[in-house]
Asks: 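Take this structure first; my questions come after.
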Amino acid sequence: MAIPWQGAPAPDPRVLVLDEQLAAELGLDPAWLRSPDGVQLLLGRSVPAGAAPVAQAYAGHQFGGFSPRLGDGRALLLGELVDAHGRLRDLHLKGSGRTPFARGGDGLAAVGPMLREHLVSRAVHAMGIPTTRSLAVVATGRTVQRETPLPGAVLARVAASHLRVGSFQYARATGDLDLLRRLADHAISRHHPGAARAPQPYLALFEAVLAAQASLVARWMLVGFVHGVMNTDNTTISGETIDYGPCAFLDAYDPSTVYSSIDHGGRYAYGNQPAVAQWNLARLAEALLPLLHEDEDEAVRLATEALGTFPERYRGAWAEGVRAKLGLAARPDREDPSAPGGPAAVTALAEELLELLAVHRADFTSSFRALAAAARGDAAPVHRLLPDPGAVDAWLARWRALEPDAAGMDRVNPVYVPRNHLVEEALTAATEGDTAPFLRMLEVVSAPFDERPGLERYAAPAPEDFGAYRTFCGT
Ligand code: AMP
Ligand code: MG
């Protein structure tokens with residue numbers, strides 16, 4: 001399932017950004033990574049003795065259509081590292097040149113999209129959401145031809161692994177049951193070791209992936225993250241967010257929001273993400289069927305039953321998260337299911353709030369920080385975002401009666417997310433050679449919950465004239 005390969009040469013490599021903390025976590029010396037030898041590693045040109053970089057094969061459903069052979073078309077798995085916590089981590093490159101899986105592609109990546117992945121994955125990580133990380137972005141000095149000529153770059157990505165739903169689809173499609181079993185055993189030992197002790201380890205593996213994905217997508221929804229291209233090859237077995245292409249954070253709250261320029265049907269709209277995750281898990285279940293039971297009808301029954309638990313798991317994770325967002329996290333006196341502050345009542349209250357946000361197209365991120373101000377006694381920011389005093393004050397009165405914890409809200413509601421208009425501004429400057437705005441913004445989103453003076457512009461909603469934002473895949 002992998003082909004030995006190496007990165008393409010870069011005429012004039014230059015490190016644009018390096019996550020020094022992540023480097024340290026991986027036991028890599030940041031100063032060395034910036035040296036000529038370190039840069040050759042970050043380009044996949046020279047690797048430590050014993051390492052054998054490969055391009056991996058995988059399949060996947062893209063926008064619902066199955067491609068039996070995708071694979072790392074412009075990526076390279078350099079190898080595995082043991083991090084400071086003793087965990088195995090993949091070090092992987094993106095934009096490192098054509099591989100045998102490149103199909104028509106040039107194997108390259110441009111500075112803008114790679115810096116975008118670095119920035120957005122940093123923000124997602126800083127919010128405590130499981131994600132692949134970006135160790136570095138190296139400009140190659142080579143021009144990449146897109147709609148216009150652009151400066152090229154290579155991103156070094158760190159992941160718990162690169163096992164995807166599409167990896168299982170690939171193994172299943174080969175018809176080699178032994179390969180499928182070895183892949184499942186590997187996934188169990190690497191990511192879900194508890195499954196090995198279950199009476200039906202492969203069913204337990206499926207359930208563990210389902211639980212990880214239900215929790216992940218709930219976390220995305222709670223911060224307004226739109227992944228944008230939830231194909232099965234972009235759905236991990238580890239439960240980490242992967243593949244920051246057309247992703248973006250919501251500005252105005254609207255569940256039908258789509259940013260990706262190619263998502264004409266809105267398949268990967270913000271509000272569809274839980275349903276899409278369940279659909280992707282159904283594809284994983286199909287791939288695993290021969291391992292679930294020798295009788296196919298029984299295998300289907302087991303898979304269907306497990307898949308049916310997704311909505312409940314997702315709702316549970318979301319409900320717990322939204323309670324924290326409203327400052328009403330679980331407390332002994334809130335446990336009574338029929339209490340006004342009980343779980344069901346708070347979920348209903350949250351849903352009413354979301355309806356208000358949708359009606360007013362209120363800025364999603366700002367709204368929750370404004371609510372914390374209201375919990376402290378200043379309702380003016382909420383009134384500015386939701387200019388409908390009747391409905392809003394009635395809602396606020398019911399909510400305040402439950403004694404929301406404003407400090408607790410500020411610990412889970414980010415004040416700084418990578419706002420689309422600022423991301424564009426920073427990436428445009430970086431593409432033109434000035435990385436200063438990008439580096440400043442990176443610092444801001446690295447501490448998303450700590451409001452700091454002087455950073456008001458990073459917390460402000462998009463200007464009215466920003467319009468419908470569009471993002472692009474595979475660039
Ligand atoms: P993605 O949208 O990044 O998940 O990519 C989907 C598939 O297209 C993967 O197999 C990628 O390796 C491949 N791909 C994307 N861009 C390129 C490119 N410029 N050259 C070669 N392959 C690419
Ligand atoms: Mg991908």
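Order of appearance sets the numbers: ligands from 1, and atoms from 1 within every ligand.
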Asks: With respect to Q62, determine whether any N or O atom, backbone or side chain, lies less than 3.5 Å from an N or O atom of ligand 1.
Replies: no
Asks: Where's the contact between R146 and ligand 1, heavy-atom distance under 4.0 Å: side chain, backbone, both or neither?
Replies: side chain
Asks: Using a 3.5 Å cut-off on N or O atoms only, is F101 in polar contact with ligand 1?
Replies: no
Asks: One residue to check: L108. Relative to ligand 1, which of side chain, backbone, both or neither has a non-hydrogen atom less than 4.0 Å away?
Replies: backbone
Asks: Using a 4.0 Å cutoff against the non-hydrogen atoms of L70, which atoms of ligand 1 qualify?
Replies: 10 (O)
Asks: Hey, is there an N, O or S on N234 sitting under 2.8 Å from the Mg ion (ligand 2)?
Replies: yes
Asks: Mark yes or no for whether D233, through its side chain, and G71, through its backbone, hold a donor-acceptor pair below 3.5 Å.
Replies: no
Asks: Ring-plane angle category for Y253 and Y270, please: parallel below 30°, perpendicular beyond 60°, tilted otherwise.
Replies: perpendicular
Asks: Assess, by modelled atom type and distance only, whether the side chains of D185 and Y202 contain a donor and an acceptor separated by less than 3.5 Å.
Replies: yes
Asks: With a heavy-atom distance limit of 4.0 Å, tell me whether Y58 approaches ligand 1 through its side chain, its backbone, both, or neither.
Replies: side chain
Asks: As a test of understanding, state which of E240, H186, H191, H92 forms a side-chain hydrogen bond (donor to acceptor under 3.5 Å, both in side chains) with S161.
Replies: H191
Asks: Begin with the C-alpha distance, continue with both residues' side-chain angles, and end with the deciding distance and a verdict on side chain to side chain contact (heavy atoms under 4.5 Å, CB included) for N231 and L70.
Replies: CA-CA 12 Å; N231 294 329; L70 291 168; over 6 Å; no
Asks: When the aromatic ring centroids of Y469 and Y259 are compared, is their separation below 6.0 Å?
Replies: yes
Asks: Considering only heavy atoms, does N234 approach ligand 1 within less than 4.0 Å through its side chain, its backbone, both, or neither?
Replies: side chain
Asks: What N/O/S atom of D243 is the closest to the Mg ion (ligand 2)?
Replies: OD2
Asks: Need the ligand 1 atom indices (1-based, order shown) with element for anything under 4.0 Å from a heavy-atom of G107.
Replies: 18 (C), 19 (N), 20 (N), 21 (C)
Asks: Give the atoms of ligand 1, by number and element, whose distance to some non-hydrogen atom of D233 is under 4.0 Å.
Replies: 4 (O)
Asks: Near R103, which atoms of ligand 1 are under 4.0 Å from a heavy atom of that residue?
Replies: 7 (C), 8 (O), 9 (C), 10 (O), 13 (C)
Asks: Could you tell me the separation between the CG atom of L43 and the CG atom of L93, rounded to the nearest 0.5 Å?
Replies: 7.5 Å
Asks: Could you establish whether K94 and ligand 1 come within less than 4.0 Å of each other, counting only heavy atoms on the residue side?
Replies: no
Asks: Heavy atoms only: which of E117, R74, R98 lies closest to atom 18 (C) of ligand 1?
Replies: R74
Asks: Kindly determine whether T232 and F66 satisfy side chain to side chain contact (heavy atoms under 4.5 Å, CB included), including the steps that lead there.
Replies: CA-CA 9 Å; T232 57; F66 185 62; 5.9 Å; no
Asks: If you take the nearest heavy atom of each of D106, T99, V229, D72, which one is closest to atom 19 (N) of ligand 1?
Replies: D106
Asks: Please compare G105, G71, A75 and report which has the shortest non-hydrogen distance to atom 11 (C) of ligand 1.
Replies: G71
Asks: Rounded to the nearest 0.5 Å, how far does CG of L203 lie from CD of E305?
Replies: 8.5 Å
Asks: Using the rule given for salt bridge (Lys or Arg N to Asp or Glu O under 4.0 Å), can you reason through R313 versus E207, listing the C-alpha separation, both sets of side-chain angles and the distance that settles it, and then say yes or no?
Replies: CA-CA 11 Å; R313 274 192 182 276; E207 288 166 343; over 6 Å; no
